[in-house]
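Computed from heavy atoms alone, side chains included, the values below leave out hydrogens, waters and symmetry copies. So you know, we letter chains A, B, ... as the sequences are listed, proteins then strands, and number each from 1.
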Number of protein chains: 2
Amino acid sequence: MPHHAAVHQDLTSTAAAPCLPRKQQAWALTCLELADYVPLGGDELSRLMAIAQPMEIGGNRALFLSGEAADGAFLVITGAVRAFRLLPDGRRMITAFMFGGDFLGFAVGGRYEFAAEAITPARLCRFSRRHLNALLDDCPRLRNTLLHLATEELRLAQDHMVLLGCKSATEKLASFLLHLARRNARGGTQANPALVPLPMARSDIADHLGLTTETASRALTQLRAKGMIDLPTPRSVALLRPHELAMLAGGG
Amino acid sequence: MPHHAAVHQDLTSTAAAPCLPRKQQAWALTCLELADYVPLGGDELSRLMAIAQPMEIGGNRALFLSGEAADGAFLVITGAVRAFRLLPDGRRMITAFMFGGDFLGFAVGGRYEFAAEAITPARLCRFSRRHLNALLDDCPRLRNTLLHLATEELRLAQDHMVLLGCKSATEKLASFLLHLARRNARGGTQANPALVPLPMARSDIADHLGLTTETASRALTQLRAKGMIDLPTPRSVALLRPHELAMLAGGG
DNA sequence: CGATGGCTTGACATTCATCAATGTATGTGG
DNA sequence: CCACATACATTGATGAATGTCAAGCCATCG
């Protein structure tokens, strides 16, 4: 129970500049990713694209707040996003990091159950609740897609509960790095498959793993000392011995 | 990271005696609960009832194992069930407890992602994967219901991540007891709203909260010492000051 | 070049896990 | 019906992991 009250800067402005047409290259690419992820017919895909609103958002800006009316869902194109919950005293749990191809903010209830902030500047597509519901109502396959996504998210959540409840600090870091690496490999451009970018701060990692910044940092240092990883820069990791890391992570 | 390798008895036999017709009173009642939980038209409800297979299972018996082919989903009628994951070395995370009205085991993939065991003897309804999928295919509203259920489960999972990552031992216990109490109140018979049965063992509670048995027990003792709860028997709790408990639990 | 924010490292305090013993309830067989 | 056996729960003593406080380092950016 790290008790360190995440220091929140002025993230008040939920600003997000919609960038007009040109939903071309990257956008099509992202839909391909989504199509790759779950079976989506060409028809559903094009209808989805029709209601998508491309947008950009700066680093450390809020995408939406917890409890806010959920009037849209988002598909991340590029950049990184953190989804989190806060306790009244400021303790924070980052429930997930999102990257290109990840979908977030779909709420069946009227309100977001968590908050989301861009970590780096990010490009996204917004789907307004109205449009999405309308589309869902006459595209049963799309509803099926959402069910798949929700189920997959649930599986990830369970993985994370195991991590939070059962693992030691170094095990947590090992698991997290492997998870990031796998997610990164799926993202497409795997220049060096073992070199993984860490767009988020140590405090983000800590709040994701149920640790303090210091403990997260020490665990990384320890993994480096054991020769399992390298930290060429603070914001990137090289996984030198993925297999040993996986052992350490406890098969997770 | 409690490192205590849950001692597993012989839970090998996944035995489950199907009890024939008489899916009357309790069964209808449970469907009402489900109908109360999510909007379900009378048609969908009766078609669901048509494919339901009532069954019973003894205490501490496995309902299904992790990785097993997922050939059915279950609705708990009476009794308590634990859903959990194991690490190779035996560490266990109980991701959720299920009670009357809870639905579990629906997998879009072919395999269960977690294991489930009855805690107490339990009565359930089984829905075979084949039948359920067939029903889903021509009942779009039912698919919507499942999406609602998955979303709700996801919300609970996020709550639990906050608990596991952010809270102290006593805060965890306070949160857990309040959660149980609320769940119990919804169950129907609220004789004494403040007296909550604890069907699970201390080790189950510990493995759910990311603690050891001893710490869980001590935290309960501490709450009792503060006058917030009473333990008339080891398997039941009286919430004497729910409001103070909620304060302690951190608004969760 | 200096300032700022983030990362790392160190010393110390605290919580919680571990090891071990005792207490308590439940069921079984004499 | 009682004595015992067994599993579960509680309590105590101790140690290790990790949180807390504090200082220093490093990189980036103006």
Please tell me which of the listed nucleotides, dT11(D), dC7(C), dT9(C), lies nearest to the side chain of Ala201(A)? dC7(C)
Return the value, rounded to whole Å, for the distance between atom CG of Leu198(B) and atom C1' of dA25(C). 16 Å
It should be established whether Arg224(A) places a side-chain nitrogen or oxygen under 4.0 Å from OP1 or OP2 of nucleotide dT9(C). yes
Asn60(A) and Ile119(A), any side-chain heavy atoms less than 4.5 Å apart: no
In terms of ring plane angle, is the pair Phe97(B) and Phe176(B) parallel, tilted or perpendicular, where the classes change at 30° and 60°? tilted
Could you give the CG-to-P distance, from Leu173(B) to dT10(D), as a whole number of Å? 10 Å
Rounded to whole angstrom units, what separation is found between the NZ atom of Lys167(B) and the P atom of dG19(D)? 17 Å
Distance in angstrom units between Leu211(A) CG and dT20(D) P, rounded: 11 Å
I want to check something: taking the side chain as every heavy atom from C-beta on, are Cys125(A) and Ile77(A) in contact at a cut-off of under 4.5 Å? yes
From the candidates dT8(C), dC16(C), dT18(C), the one with an atom nearest any side-chain atom of Thr212(B) is dT18(C)
Ignoring hydrogens and angles, does a donor from either the side chain of Arg218(A) or the base of dT20(D) sit under 3.5 Å from an acceptor on the other? yes
Minimum-distance nucleotide (side-chain atoms of Thr215(B) versus dA9(D), dT11(D), dC16(C)): dC16(C)
Which nucleotide, dA20(C), dG19(D), dT9(C), lies nearest any side-chain atom of Ser217(A)? dT9(C)
Please confirm whether the backbone N or O of Leu211(A) pairs with a side-chain atom of Thr215(A), one donor and one acceptor, at under 3.5 Å? no
Mind calculating the distance between CZ (Arg91(B)) and C1' (dT18(C)) to the nearest angstrom? 15 Å
Can you tell me the distance, in whole Å, between the CD atom of Gln222(A) and the C1' atom of dT8(C)? 14 Å
Atom CG of Asp204(A) and atom C1' of dC7(C) are separated, to the nearest Å, by 13 Å
Do Phe64(B) and Phe114(B) have ring centroids that are under 6.0 Å from one another? yes
Residue closer to the 5' end of DNA chain D, Thr221(B) versus Pro234(A) (nearest nucleotide): Thr221(B)
Measure CG/Asp230(B) against P/dT10(D) and give the value in whole Å, please. 12 Å
